[in-house]
Protein chains: 4
Amino acid sequence: MSPIDTPAAVGRPAAKRGRPRRADADDAILAATLELLSEVGVAGLSMDLLAQRAGVGKATIYRRWDSKEALILDTLRMMSTPIPVPDEGTVRDDLFAYMDAVIQHFRPGRGSDTLPHLIEASCYDDQLRASLDHYLRDRQSTTRLILHRGIERGELPVDTDVDLITDVILAPFFYRHLLTGATVDREFTHRLVEFALR
Amino acid sequence: MSPIDTPAAVGRPAAKRGRPRRADADDAILAATLELLSEVGVAGLSMDLLAQRAGVGKATIYRRWDSKEALILDTLRMMSTPIPVPDEGTVRDDLFAYMDAVIQHFRPGRGSDTLPHLIEASCYDDQLRASLDHYLRDRQSTTRLILHRGIERGELPVDTDVDLITDVILAPFFYRHLLTGATVDREFTHRLVEFALR
Amino acid sequence: MSPIDTPAAVGRPAAKRGRPRRADADDAILAATLELLSEVGVAGLSMDLLAQRAGVGKATIYRRWDSKEALILDTLRMMSTPIPVPDEGTVRDDLFAYMDAVIQHFRPGRGSDTLPHLIEASCYDDQLRASLDHYLRDRQSTTRLILHRGIERGELPVDTDVDLITDVILAPFFYRHLLTGATVDREFTHRLVEFALR
Amino acid sequence: MSPIDTPAAVGRPAAKRGRPRRADADDAILAATLELLSEVGVAGLSMDLLAQRAGVGKATIYRRWDSKEALILDTLRMMSTPIPVPDEGTVRDDLFAYMDAVIQHFRPGRGSDTLPHLIEASCYDDQLRASLDHYLRDRQSTTRLILHRGIERGELPVDTDVDLITDVILAPFFYRHLLTGATVDREFTHRLVEFALR
DNA sequence: GATTAACCGAGACGGTACGTCACGTCTTTAA
DNA sequence: TTAAAGACGTGACGTACCGTCTCGGTTAATC
C-alpha cells in the first residue's frame, strides 16, 4: 500500500488545489518508523511517539496512510535493504547463498515482531492483506529468478514447477521461524535445497 | 501451557486450606473463550467480556492462566475438534485425505485470526513461544504417523527424512495461508504431496 | 470589533496596492456565520465548516477578523435584528413592552449559546472583552432612552439615577437567564419594572 | 452534581459488590482541580494533566464525574472557601459587608474564567445546567438570610419581596462583572443596596 | 504593457485535547 | 483461601479543531 492519494495515473495533470503535501514528510515518517521499529519494535511504536520523532502531526500521518500497519509495510518496502541476488554459477549454489542471506536477515531482534504483527493485522484489513501479499510475493522474485536462470542454462528441466519449488524452499523457513520455532540453520536450508532440486 | 498450579503430583493431598477452587471454572472459561473466538474473533475478545460471559471474575482467569494468549492456546488444545488420522491404505492417499481435512479446518471465518494473534504474541512472551511451538509440533504428529506407517509397510525407504517431508508438506500450506495469500486448494496440496513423495 | 484594517479614515486614499479585498466576502462570511449559529450553535461552528459554507478560504476569514469570537460578535452587531424602541406613552409601559421583546429575543434555541461563549472567550482576549462590553452597553441604549424621555416629560424626577435603574432592570434578566436559571416571564419583568420605578 | 452513583438513598445498605471506590481519590481529584484552576485556569486544565496531578487514571475521573464541568462545579462546591455571613446589626450594614466580600471573592485572576466556562458548558448539558442553577441559588442564601433576619427584627416590612430584592442586589454585580465590564466597586454596591432598601 | 504586491480558494501543516477501551492488578464482601 | 465484582493506574487509540502556511492563480495600481 502506497501513501494515499498518490496521483498514480500518468498524464493526468492532477489539477492540484490547496497546499501540496510536504514532500519530505513521507521520508521523515518512513525514516522515523524504521528507527522506532528497530529501537522499540512494533509493540512499542505508538503513533504519538512516531509523530513526535518524525517532527510531524499525527494527522499528517493519517492523511498519508490508512493505518499504522499500512505505514509499517510501506516502511519495509521502501527502507529495508534488499537481499542481493547471488550469482554463484549454479542454481544449487545460488540458492545456498540466498538462503544464507535470508537467515541473516531474519535474525531475532527488536524488529522481528514486525512481520507477525502485519500478518495479524491483515486479518482485519482486506487492503492490507492485499498489500502484504503483494510485498511477500515480491520477495519470492529472487528465488524465482535463480530457478528461471537455471532453466535457461539447461541446468533444470524446462518443465520445472517453479512455483512449487519456490514454495518448497521458502515456506519451511517461515514455517519454522514463525510457527514451530524449530531450528533454522544452514544445515537445514541446504538439506531443503537439495531436496527441492533432487 | 496448562492451567497454573495443576496438582500434577499424584498422592499429594495438597493440604488444602481456604475455599477450594471452583472445579468447573476452568471449563466455563475455556468454553466461553471458544464461543467468543468464533463470535468476535481474538480481536473482539476482551478479558472483561470473557469474564462476564464465563460468569467468573477476571482474577479467577489470571489465577489459572498467565495471559490471555496462554488461555487461548489452551482453548485450542482442549476444545478444538482434532483432525482424525486417515487410513486410506497408502501414504499418498492418507496425505491427500489429511490435507483435505486441513484445508477444511482453516476455512476463513471469525476464528481465523487466532493463530496469527498467537504468533505475534509469542514474540513478546518466551513461555508462550514454547507452548505454541509445542502445540504446533504436536499437530505434525498425524503427518509423521502417516509417513512412519509408510516406512513400516515398506512403502517408503527406511532412510526417508520424515522431518523434512513433514515440513515440505505442511509449511507451504501455512506459508500461503498466512503470508502470500496464494490459493490453497486440493489441486495444490495434491501437487505438493506428489512432489514430496516423488 | 470591526473587520481588521478597515480604512476608517475617510478621504485617505490609503494608497492601496495589490489586489483589493473581495468586496462581498465580508457579507458572505457574516451571513454564513449567522446561518451556522442558528443551525448548529457556536459549539458546532468550526472555522473549516464556516469557510466551506461561505465559499471562502480560512485565511480570508483570519485576514479580516482576529478570531472566531471577534467574527461572531460582529455578526451579532451587523446581522441581528434590533429590538425596536417602544413608544407607549409612559415610561412604565415602554419598559413593559421593551422587556417583553427582550424575553422574546432570548428564547432558548440553537443560537442561545452564543452570548455565553463570547463571555467566556472574553476572559482570554482583552480586545474581545472591550468589544463585547461596548456591544452590550450599546444594547442598554433603548432602556436609557426610555428613562431619559421620562425625565424630559417630567414623569421621572430630574435626579433619577439612570445608570442604576438600567442595571436594576436589565441585570436580573441576564442573571436569571445565564446564572440561576430562574423563571423569566412577563410577571417577573413587570414586577421588576414596578420596583425600579417605585 | 455529586459524584456519580452516590448511594443517595438512606437506609439502603447499598449491597455493595466489587472493589469499592478509592475513598481518597475524590479528594485527590478535587484538590488537583482546585490547584489547576488557580494555576492555569479552566482553559489550561486538561483531563490528562489533571489525572497526572491527582495521581489517578483518567478513567477514574470519568467514572466519578460525567464531565470536566461537572467536576469543576463540584470542586467549587466542596473546596471553595465560603463567604461568611456578616452580622453587623442592621440589614444595610450586613449587605454592605457581604457585597464587599463578594467583590473580594471575584477579584480577577487565574480562576476567574471558571464561572463563565460553566455557564457556557451548561448550554450543552441539562444536568449541568440544573446543578449550576442549584449551586448559584445556594449562594443567594446569605443575602436571603440577611433579609429574613431584617424582617424578623421588624427592620423590614413583613411583605418585603425577598426574591426580588435578592436579585436586584446580586444581579447587577454579575451583570457588570460578566457582561458589560462596568466598574464594580464599593461605591456601586452601596448605591445598589441603598436603592434596594429604599 | 509589464511588473508587482496583496488578494483569492483550497487544503496541508504541527499541535493539543478529547473520551473510550483494554490491559493486568488490587481490594472489597461472601462463601 | 478462593470466589465474583468491579475499581484501579497506565497508556494508545483515531478524531476534531485550532490558527498558520503554502500552493497556483487572480486582480488591481504602479512603473
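Only this structure's heavy atoms are used, side chains among them; waters, hydrogens and symmetry mates stay out. Sequence lines set the chain letters: A, B, ... in the order given, protein chains first and strands last, and positions in each chain run from 1. All values reported here derive from a predicted model rather than from experimental measurement.
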B/S/- along nucleotides 1-6 of chain E (protein heavy atoms under 4.0 Å) is ---SBB
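A:A43 is linked by a side chain to side chain contact (heavy atoms under 4.5 Å, CB included) to A:D113, B:Y124, counting only residues two or more places apart in sequence or in another chain. Listed by chain and number, the residues in a side chain to side chain donor-acceptor pair (under 3.5 Å) with A:Q52 amount to none (sequence neighbours excluded). Take D:R22 and apply the side chain to side chain donor-acceptor pair (under 3.5 Å) test, not counting sequence neighbours, and it matches D:D24.
Side-chain contact between D:L118 and D:L76: present, with at least one pair of heavy atoms (C-beta onward) separated by less than 4.5 Å. By the 4.5 Å heavy-atom criterion applied to side chains, A:I119 and B:I119 are not counted as neighbours. A:L71 places none of its side-chain heavy atoms less than 4.5 Å from the side chain of A:K68. Using a 4.5 Å cut-off on side-chain heavy atoms (C-beta onward), A:I61 and A:M47 make contact.
The nearest whole Å value for the distance from the CD1 atom in A:I61 to the P atom in E:dA12 is 15 Å. Atom CD of A:Q52 and atom P of F:dC13 are 13 Å apart (whole Å). The separation between B:L71 atom CG and E:dG24 atom C1' is 14 Å, rounded to whole Å. For the pair C:D66 CG and F:dT20 P, the interatomic distance rounds to 9 Å; values are reported in whole Å. Between B:Y124 atom OH and E:dC23 atom P the separation is 16 Å, expressed in whole Å. Rounded to whole Å, atom P of F:dC17 lies 13 Å from atom NE2 of C:H117. If you measure from atom CZ of D:R53 to atom P of E:dA17, you get 14 Å, rounded to the nearest angstrom. Protein atom CG of B:D26 is 14 Å distant from nucleotide atom C1' of F:dA3, rounded to whole Å.
Listed by first and then second residue, the salt bridge (Lys or Arg N to Asp or Glu O under 4.0 Å) pairs involving residues 43-52 of chain B are B:D48-B:K58 (not counting sequence neighbours).
Proximity of D:T60 to the phosphate of F:dG9: a side-chain N or O atom is located under 4.0 Å from OP1 or OP2.
Along DNA chain E, the nucleotide nearest to D:E69 and the one nearest to A:A23 differ in position, and the one closer to the 5' end is contacted by A:A23. Position along DNA chain E of the nearest nucleotide to A:G55 versus C:G55 favours C:G55 as the more 5'-ward residue.
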Show the distances under 3.5 angstrom between N or O atoms of the protein and N or O atoms of nucleotides 20-22 of chain E.
none

Yes or no on side chain to side chain contact (heavy atoms under 4.5 Å, CB included) for B:L30 and B:W65, after CA distance, side-chain angles and deciding distance? CA-CA 11 Å; B:L30 290 167; B:W65 284 275; 3.9 Å; yes
